[in-house]
Amino acid sequence: IIDPFCGACGILTEAGLLGLKFEGYDIDKKILDDARKNMEYYDIRPEHYDLKIKDATLIKNLKNVVTDLPYGKSSKKSDELLNIYSKFLKNLSGKAVVVMPNFMPYKMLLQKNLPNSENSFRNA
């Protein structure tokens, strides 16, 4: 499982507790340091995960993604969210579970950036 916007690893902590191997990426070293502390706290062993500084909008052919996209004040680039989401979605090439805030025009984003895929989405 890959979370290309892992933050402090909320989603990946759950993956680790289930015994899954995973990778997490973020652009903020301090946040990744916090993520490592969370892994230690929950006794998730380092051989089960890899955390790296990476820009998720530049990673091509992303597969097996589970992520909660950055949003609002907690995002360093909150003024560029539509652009970030579009760049990220264009890089998906496999299955993905992507959570977006309800104020995003998610149907338009999916149709524009994944036109040939079978999108299934729902409001939660």
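Quick note: residue numbers are just sequence positions, from 1. Keep in mind it's a predicted model, so treat the numbers as computed, not measured.
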Requested in this report: Apply side chain to side chain contact (heavy atoms under 4.5 Å, CB included) to Pro101 and list each qualifying residue two or more places apart in sequence or on a separate chain.
Outcome: Tyr71, Tyr85, Phe103, Met104
Report task. Could you tell me which residues satisfy side chain to side chain donor-acceptor pair (under 3.5 Å) with Ser93, sequence neighbours excluded, listed by chain and number? Result -> none
Query raised in the report: Would you say the side chain of Asn64 lies within less than 4.5 Å of the side chain of Ile2, judging by non-hydrogen atoms?
Result: no
Going by atom type alone, with no hydrogens or angles, which donor-acceptor pairs under 3.5 Å involve a side-chain atom of residues 30-37 and a protein atom two or more places apart or on another chain?
from	atom 1	to	atom 2	distance (Å)
Lys30	NZ	Asp34	OD2	3.4
Asp33	OD2	Lys29	NZ	3.1
Arg36	NH1	Leu32	O	3.4
Arg36	NH2	Leu51	O	3.0

Query raised in the report: So does Lys54 have more than 12 non-hydrogen atoms from other groups sitting under 6.0 Å from NZ?
Result: yes
Requested in this report: For residues 23-43, pull every pair meeting ring pair (Phe, Tyr, Trp, His ring centres under 6.0 Å), keeping only residues two or more places apart or in separate chains.
Outcome: none
Report summary line: Separation between CD (Glu23) and CG (Leu12), nearest 0.5 Å, reads 10.0 Å
Query raised in the report: About how many Å separate CG of Asp43 and NE2 of His48, when rounded to the nearest 0.5 Å?
Result: 9.5 Å
Report task. Go through the structure and list residues passing side chain to side chain contact (heavy atoms under 4.5 Å, CB included) with Val65, not counting sequence neighbours. Result -> Pro4, Leu62, Thr67, Phe88, Leu92, Ala96
Query raised in the report: Quick one: does Cys6's side chain get under 4.5 Å of Ile11's, heavy atoms only?
Result: no
Requested in this report: Drop me the distance from Asp55's CG to Asp26's CG, to the nearest 0.5 angstrom.
Outcome: 10.0 Å
Report task. Kindly write out the residues that satisfy salt bridge (charged side-chain N to carboxylate O under 4.0 Å, His left out) with Lys60, not counting sequence neighbours, or none if the list is empty. Result -> none
